[in-house]
Amino acid sequence: MKIITDLQEMYKHSICLKKTHKISFIPTMGALHNGHLSLIEKAYYNNKNSKIIVSIFANPSQFTNFEDFAKYPDTIDSDIKKLKEFEISKNIQIDCVFIPEKNNDFYSNKKYPQLQKFNINKSEIILPQFFSESEGKTRKGHFEGVFQVLFRLFYIISPDYSVFGQKDFQQTLLVQYLQKQYFPHLEIIIADICREKSGLAMSSRNKRLSAENKNKAKILYQALQTKKIETIRTILESEKLIEKIHYIEIRNTTTFELMDKKVMNEVSVILLSVQFAGIHLIDNILI
Ligand code: PAF
């Protein structure tokens, strides 16, 4: 498993790989957990001959709150260790892990003039209205930031496949939107939510919860399983650690239209987003 930190080197390496292989790409922000590893496994079983590239980059442009960015877990050494152990235990080879240096160079046109065309300013990104709703409303500018980083990563790495987890449901719609607009040859693969034994959806943010609070956070999934908005709200309101319920919504899985609870059907998803013991947590369940 090679480690590449330079953007230009990553670009050249991908060009080289593409001469002989397809590329499967798993973008992450680090603080890796089994959910991330399941995305790599999914990529492998989707195409065993493809070369697997994992990126680790806590993209500042998708954080709307500097404090949240500053607190985002930085566990690069243990992330690399996890990837190496994963390779051995699963007998799956990761071709390389791309870890852009931690400064403003990632989006810098000065440092990488040749890669300038693979850059888009956040202010130029105009997304469909529904990306300002739900998570886009709670975290203004978040999806523009995700769009910006994936736009650059997809151009640099030029993957044939890219895998995303369904936990970030609205993000999966964003990725599909980006793909349709700019990357017609890329196949987006969506992987099921990975859960702890308790039912809590795996997330890098869970690392910031104490063991006791992490156990209590299982209430999110327990509530979702009732699949009834009022019941979900009542259950969540009973938990003192939930400081704020940002939203509990039923949406169409394709158009993301809000659905009336009376007309929910098999193409709907119930989404929830809360502030739990100081941590922003989201989860969802398909109906
Ligand atoms: O889902 C994430 O971890 C991030 O939003 C992503 C896709 C790696 C972009 O920074």
Side-chain angles (χ1 to χ4, degrees), residues 4 7 10 23-40 42-43 52-66 68-76 79 82-83 94 96-102 104-107 118-120 122 125 127 131 134-136 138-157 159 161-179 181-183 186-194 201-208 271 273 279-284:
I4 299 183
L7 215 62
M10 185 67 249
I23 295 179
S24 298
F25 175 46
I26 300 94
T28 81
M29 300 211 297
L32 301 182
H33 49 71
N34 286 343
H36 293 113
L37 301 180
S38 78
L39 302 183
I40 305 175
K42 180 114 184 161
I52 296 178
I53 299 180
V54 177
S55 67
I56 299 181
F57 179 56
N59 168 39
S61 84
Q62 72 188 74
F63 288 83
T64 41
N65 168 340
F66 181 75
D68 195 26
F69 175 58
K71 282 190 188 158
Y72 197 82
D74 177 357
T75 55
I76 203 73
D79 287 347
K82 262 195 196 123
L83 292 175
I94 299 171
C96 85
V97 48
F98 176 43
I99 312 173
E101 285 151 38
K102 262 210 205 113
N104 289 329
D105 284 350
F106 184 76
Y107 293 112
F118 303 153
N119 223 352
I120 187 164
K122 209 174 155 183
I125 302 168
L127 300 176
F131 290 111
S134 309
E135 224 27 42
T138 311
R139 301 161 77 193
K140 285 198 174 51
H142 167 70
F143 288 117
E144 287 78 0
V146 176
F147 188 101
Q148 184 185 30
V149 72
L150 291 178
F151 180 90
R152 192 142 172 83
L153 286 168
F154 285 166
Y155 267 119
I156 304 292
I157 292 170
Y161 312 102
S162 191
V163 191
F164 294 83
Q166 197 203 287
K167 189 195 67 123
D168 298 295
F169 187 85
Q170 206 174 354
Q171 174 172 276
T172 65
L173 298 185
L174 177 89
V175 177
Q176 282 158 355
Y177 173 73
L178 172 65
Q179 180 272 334
Q181 289 225 318
Y182 294 98
F183 304 96
L186 168 64
E187 190 181 319
I188 302 295
I189 298 164
I190 309 297
D192 291 345
I193 301 179
C194 245
M202 289 189 190
S203 161
S204 301
R205 290 173 194 272
N206 295 351
K207 284 202 167 72
R208 286 169 53 200
L271 303 141
S273 169
I279 319 274
H280 183 79
L281 295 180
I282 60 173
D283 200 351
N284 66 73

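Keep in mind it's a predicted model, so treat the numbers as computed, not measured. Atoms within each ligand, like the ligands themselves, are counted from 1 in listed order.
A side-chain donor from one of Y107 and N59 sits under 3.5 Å from a side-chain acceptor of the other.
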Which protein N or O atoms sit under 3.5 Å from any N or O of ligand 1? Give each pair with its distance.
{"unit_1": "ligand 1", "atom_1": "1 (O)", "unit_2": "Q171", "atom_2": "NE2", "d": "2.8"}
{"unit_1": "ligand 1", "atom_1": "5 (O)", "unit_2": "Q62", "atom_2": "NE2", "d": "2.9"}
{"unit_1": "ligand 1", "atom_1": "5 (O)", "unit_2": "Q171", "atom_2": "OE1", "d": "2.7"}
{"unit_1": "ligand 1", "atom_1": "10 (O)", "unit_2": "Q62", "atom_2": "OE1", "d": "2.6"}

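Pairs passing the side-chain hydrogen bond (donor to acceptor under 3.5 Å, both in side chains) check and including a residue from residues 163-178, sequence neighbours excluded, read Q166-N284, Y177-Q181.
Partners of H280 under the side-chain hydrogen bond (donor to acceptor under 3.5 Å, both in side chains) rule, at least two apart in sequence or in another chain, are E135. Applying the side-chain hydrogen bond (donor to acceptor under 3.5 Å, both in side chains) criterion to Q148, with sequence neighbours excluded, gives S61.
Under the 3.5 Å distance criterion, the side-chain polar atoms of R205 are left unmatched by any main-chain donor or acceptor of I282.
With salt bridges taken as basic N to acidic carboxylate O contacts below 4.0 Å, none links D74 and K207.
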